Amino acid sequence: MNSNHLLGEILDIQKQMEIIKQGVEEIIPEEELVEKLNKSQETNIPLRIKYGIDPTAADVHIGHMVPVRIMRRFQDLGHIGVIVIGDYTAQIGDPTGRNESRAHLSSEEVKRNSERFMEQLYYVLDKDKTEVRFQSEWFGPMQLSEFISILGKFTMAQIMAHDTFRRRYEEGLPFGLHEMMYPILQAYDSVAIKADVELGATEQKFNILAGRDMQRYFNMPEQVAVLMPILIGTDGVEKMSKSLGNYIAIFDPPEDKYGKIMSIPDELIENYFLYAAFASPQEITTIKDELNKGINPKLIKQKLARKIVELYHDKEAVQKAENHFNTVFTQKKIPDEIPEYKVKPEKIWLVQLLNDAGLVQSNGEGRRMINQGAVSIDGNRISDMNYELVPGNGMVIKVGKRRFCKLLTE
RNA sequence: GGGGAGAUACCCUAGUGGUCAAAGGGAGCAGACUGUAAAUCUGCCGGCGAAGCCUUCGGAGGUUCAAAUCCUUCUCUCCCCA
């Protein structure tokens with residue numbers, strides 16, 4: 001069976017390039033990619049498209065998905081996606097920006113994290129055209145002598161050309177020797193898996209280009225770098241990342257995805273259509289027109305939210321998420337499905353109840369919430385910090401806009 | 001190996017014996033408003049049923065009526081010299 005070039009046979013190379021380039025910031029060098037696509041078509045050998053991830057945490061957010069979407073496009077054109085699980089680099093931690101030395105990950109943790117990771121990536125990837133590889137496959141058996149000879153291929157000046165290394169060094173921040181290994185390990189991965197293309201965010205440019213150097217040292221065809229922009233987080237300022245809490249996780253329930261998208265600053269709408277929703281150029285033009293015409297950005301954001309939620313869930317979930325949003329935020333009502341908490345129907349101090357039900361983190365916070373007028377029972381605002389009540393079955397307690405709880409009496 | 005500087009809350013940072021649960025800023029949360037979990041404004045932002053008390057300024061000891069602040073020591077970081 002030859003399904004490799006199912007689409008490739010129909011589409012000429014130029015058309016393929018157009019598909020690939022959508023939402024891509026930079027291809028280095030572009031002509032080489034064209035050559036590779038041509039050659040692949042002639043020889044009927046699929047290209048190997050690499051994307052590396054560190055299994056430090058198991059949660060994937062939609063920022064990670066930007067390159068993964070591109071990988072899917074390559075897969076649809078008949079190529080193989082190779083996910084490299086960085087079980088060695090994970091112990092270093094990508095030295096870009098903030099970083100703490102990482103705790104050593106046990107092999108069980110790596111396994112667990114990577115399985116969970118892949119589960120999320122398969123929301124987008126074609127499982128049949130995906131290969132999952134671990135760095136330990138090649139770095140595990142590697143001899144020190146071999147590693148030292150690899151190190152000899154690179155110079156200090158090359159490594160310090162990396163802006164984040166140089167800056168950290170110049171600013172006198174802690175800088176472990178092992179951190180300089182990060183690009184080198186990542187570069188060697190490309191040799192190990194014979195990558196034709198490596199995907200990554202633009203911040204990965206250095207590392208991916210180091211892969212080209214490394215392949216050249218090993219007398220191998222050099223990979224092409226396909227770079228995507230960094231997705232800005234929901235705060236509209238920083239790169240989307242888990243540690244900053246400005247992320248939309250793949251495992252977030254549809255309502256949360258929807259709500260988080262609605263909370264992005266209006267200026268980010270176009271950017272998200274492009275990189276988070278993967279809208280077509282025609283759609284982007286429409287959006288721009290609408291924004292210029294002064295249509296309520298809220299409506300356009302709703303469209304965006306729908307589109308993104310639908311990438312990861314079905315239409316029904318999208319509808320539910322939208323209803324939830326409208327109920328809770330626009331109409332400020334109680335949603336249909338809310339957490340339940342079982343209590344005894346005995347007189348209890350409200351603050352205690354809030355704390356027990358997990359609606360607040362401490363009695364102090366409970367007091368503050370009441371003080372600030374954030375707490376209501378069945379729609380009646382409570383402002384007395386000493387308020388006591390006998391819980392009734394079905395009573396609904398609300399704290400702030402987003403915290404609800406239905407009481408069930410035992 | 002020698003010399004110097006430093007470690008403060010979720011993050012950045014001020015504080016050099018009592019007036020410090022610790023100033024600012026950011027993040028976060030709440031209220032108001034709205035066009036939305038945008039923007040803006042205001043407030044809150046260690047714990048305790050709130051009285052006062054308890055735990056916090058890298059770790060451990062010590063001085064003192066009193067320590068984030070002084071001393072000893074340990075750990076870690078940065079800079080300069082070699």
Side-chain angles (χ1 to χ4, degrees), chain A residues 95 97-101 165 167-179 232-249 252-273 287 290-291 293-306 308-309 321-335 347-356 358-376 381-389 397-404:
Chain A
R98 87 210 69 249
N99 80 296
E100 293 85 46
S101 43
F165 284 137
R167 196 176 327 132
R168 278 182 53 205
Y169 182 68
E170 282 169 1
E171 286 176 6
L173 297 168
F175 187 12
L177 264 184
H178 67 299
E179 296 183 68
I232 307 285
T234 51
D235 57 356
V237 184
E238 302 275 3
K239 150 190 173 184
M240 182 175 287
S241 85
K242 191 173 183 189
S243 50
L244 292 170
N246 59 358
Y247 66 103
I248 301 174
D252 274 342
E255 301 81 55
D256 279 1
K257 285 199 186 84
Y258 192 99
K260 284 179 181 180
I261 294 158
M262 291 305 282
S263 82
I264 64 168
D266 293 350
E267 305 78 63
L268 226 56
I269 292 175
E270 192 187 322
N271 185 285
Y272 266 51
F273 262 104
I287 299 306
E290 287 178 349
L291 283 170
K293 268 189 263 172
I295 290 180
N296 187 345
K298 179 195 164 190
L299 299 174
I300 300 174
K301 245 198 258 184
Q302 276 179 333
K303 202 194 272 187
L304 175 68
R306 262 183 246 133
I308 294 175
V309 174
E322 183 156 304
N323 291 344
H324 179 269
F325 184 87
N326 288 337
T327 310
V328 176
F329 300 107
T330 312
Q331 298 162 35
K332 297 188 171 139
K333 287 188 192 151
I334 306 294
K347 194 171 195 188
I348 185 169
W349 181 37
L350 177 58
V351 170
Q352 190 63 53
L353 181 63
L354 295 177
N355 202 346
D356 292 349
L359 292 166
V360 293
Q361 307 261 338
S362 67
N363 286 6
E365 189 187 351
R367 288 166 178 280
R368 263 178 255 133
M369 288 301 158
I370 294 175
N371 221 355
Q372 296 183 128
V375 179
S376 66
R381 183 177 287 185
I382 307 295
S383 48
D384 174 11
M385 289 199 308
N386 298 312
Y387 189 82
E388 293 185 333
L389 73 156
I397 303 190
K398 185 179 175 200
V399 178
K401 294 189 195 75
R402 300 162 54 191
R403 280 172 268 174
F404 307 96

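Keep in mind that what you see is a predicted model, and the values were worked out from it rather than measured. Here is how names work: the chains are called A, B, and so on, in the same order as the sequence lines, proteins then strands, and each is numbered from 1.
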* To do: For D235(A) and for G176(A), locate the closest nucleotide of RNA chain B by heavy-atom distance; then report the residue assigned to the nucleotide nearer the 5' terminus.
  => D235(A)
* Would you say U36(B) has OP1 or OP2 under 4.0 Å from some side-chain N or O of K298(A)? -> yes
* Atom CG of N246(A) and atom C1' of A37(B): how far apart are they, to the nearest Å? -> 14 Å
Pairs: protein N or O with nucleotides 49-51 of chain B N or O, under 3.5 Å:
| unit_1 | atom_1 | unit_2 | atom_2 | d |
| --- | --- | --- | --- | --- |
| G49(B) | OP1 | N363(A) | ND2 | 3.2 |
| G49(B) | OP2 | N363(A) | ND2 | 2.5 |
| G49(B) | O4' | R367(A) | NH2 | 3.3 |
| G49(B) | N1 | E388(A) | OE2 | 3.2 |
| A50(B) | N6 | R367(A) | NE | 3.3 |

* N326(A) near the nucleic acid: base, sugar-phosphate alone, or nothing, with a heavy-atom cut-off under 4.0 Å? -> nothing
* Asked: Between C54(B) and U19(B), how far is it from one P atom to the other, in whole Å?
  -> 14 Å
* To do: Evaluate the criterion side-chain contact (heavy atoms from CB on, under 4.5 Å) for residue pair K398(A) and I334(A); output intermediate values, then yes/no.
  => CA-CA 8 Å; K398(A) 185 179 175 200; I334(A) 306 294; 4.0 Å; yes
* Asked: Between R403(A) and A30(B), is there a side-chain N or O to OP1/OP2 distance below 4.0 Å?
  -> yes
* **salt_bridge(R403(A), E365(A)) N-O dist < 4.0 Å** => yes
* Asked: Does OP1 or OP2 of G47(B) have a side-chain N or O of R368(A) closer than 4.0 Å?
  -> yes
* Asked: Reckon M369(A) touches a base, only the sugar-phosphate, or nothing at all at heavy-atom distances under 4.0 Å?
  -> sugar-phosphate
* Tell which nucleotide pairs with U63(B), taking only Watson-Crick or G-U wobble pairs whose two distances are both under 3.5 angstrom. => none
* **Pairwise C1' distance for A9(B) and C57(B), with rounding to whole Å** => 8 Å
* **Integer angstrom distance from the P of G58(B) to that of U69(B)** => 8 Å
* To do: Please measure how far the P atom in U72(B) lies from the corresponding atom in A23(B), and state the result in whole Å.
  => 30 Å
* To do: Compute both the distance and the angle, then confirm whether K260(A) meets the cation-pi test with Y247(A): under 6.0 Å from the six-membered ring centre, within 45 degrees of the axis.
  => yes
* Asked: So does S263(A) get a side-chain nitrogen or oxygen closer than 4.0 Å to the phosphate oxygens (OP1/OP2) of U36(B)?
  -> no
* Taking atom C1' in both G49(B) and C41(B), compute the distance separating them and give it to the nearest angstrom. => 33 Å
* Under 3.5 Å donor-acceptor pair, N296(A) side-chain atoms to U36(B) base atoms -> no
* Expressed as a whole number of Å, how far does the C1' atom of G31(B) sit from that of A37(B)? -> 15 Å
* Asked: Does any nucleotide pair with G1(B) by Watson-Crick or G-U wobble geometry, both distances under 3.5 Å, and what is it?
  -> C81(B)
* In the structure shown, which nucleotide is the Watson-Crick or G-U wobble counterpart of U69(B), with both distances under 3.5 Å? -> none
* Asked: Does atom CD of Q331(A) have more than 12 heavy-atom neighbours from other groups under 6.0 Å away?
  -> yes
* Which is true for G373(A) with a 4.0 Å heavy-atom rule: it touches a base, it touches only sugar-phosphate, or it touches nothing? -> sugar-phosphate
* **Between G31(B) (P) and F329(A) (CZ): distance, integer Å** => 11 Å
* Distance, rounded to the nearest Å, where L359(A) contributes CG and C29(B) contributes C1' -> 14 Å
* In whole angstrom, what separates Q361(A)'s CD from G46(B)'s P? -> 13 Å
* **Complementary nucleotide of A22(B), counting Watson-Crick and G-U pairs under 3.5 Å** => none
* For A50(B), the Watson-Crick or wobble partner whose two distances fall under 3.5 Å -> none
* E322(A) CD to U36(B) C1', straight-line distance once rounded to whole Å -> 12 Å
* According to the Watson-Crick and G-U wobble definitions, with both distances under 3.5 Å, which nucleotide is paired to C29(B)? -> G43(B)
* Starting at CD1 of I264(A) and ending at P of A39(B), how long is that distance when rounded to a whole Å? -> 11 Å
* Asked: If pairing requires Watson-Crick or G-U wobble contacts with both distances under 3.5 Å, which nucleotide is the partner of G17(B)?
  -> none
* **Nearest-nucleotide 5' precedence on RNA chain B, E267(A) against N355(A)** => E267(A)
* Are R402(A) and C29(B) close enough that a side-chain N or O sits under 4.0 Å from OP1 or OP2? -> yes
* On a whole-Å scale, what distance lies between the C1' atoms belonging to A14(B) and G24(B)? -> 7 Å
* Asked: What is the base-pairing partner of G6(B), counting Watson-Crick and G-U wobble geometry with both distances under 3.5 Å?
  -> C76(B)
* Indicate, with a heavy-atom threshold strictly under 4.0 Å, whether K332(A) touches base, sugar-phosphate, or nothing. => base
* Have a look at K401(A) and say if it touches a base, only the backbone sugar-phosphate, or nothing, with a 4.0 Å heavy-atom cut-off. => sugar-phosphate
* Over how many whole Å does the gap from K303(A) atom NZ to U36(B) atom C1' extend? -> 16 Å
* Give L268(A) one of three labels, base, sugar-phosphate or nothing, depending on what nucleic acid heavy atoms sit under 4.0 Å from its own. => nothing
* Rounded interatomic separation in angstrom, taking CZ from F325(A) and P from A37(B) -> 5 Å
* **C1'-based separation of A68(B) from U8(B) [nearest Å]** => 7 Å
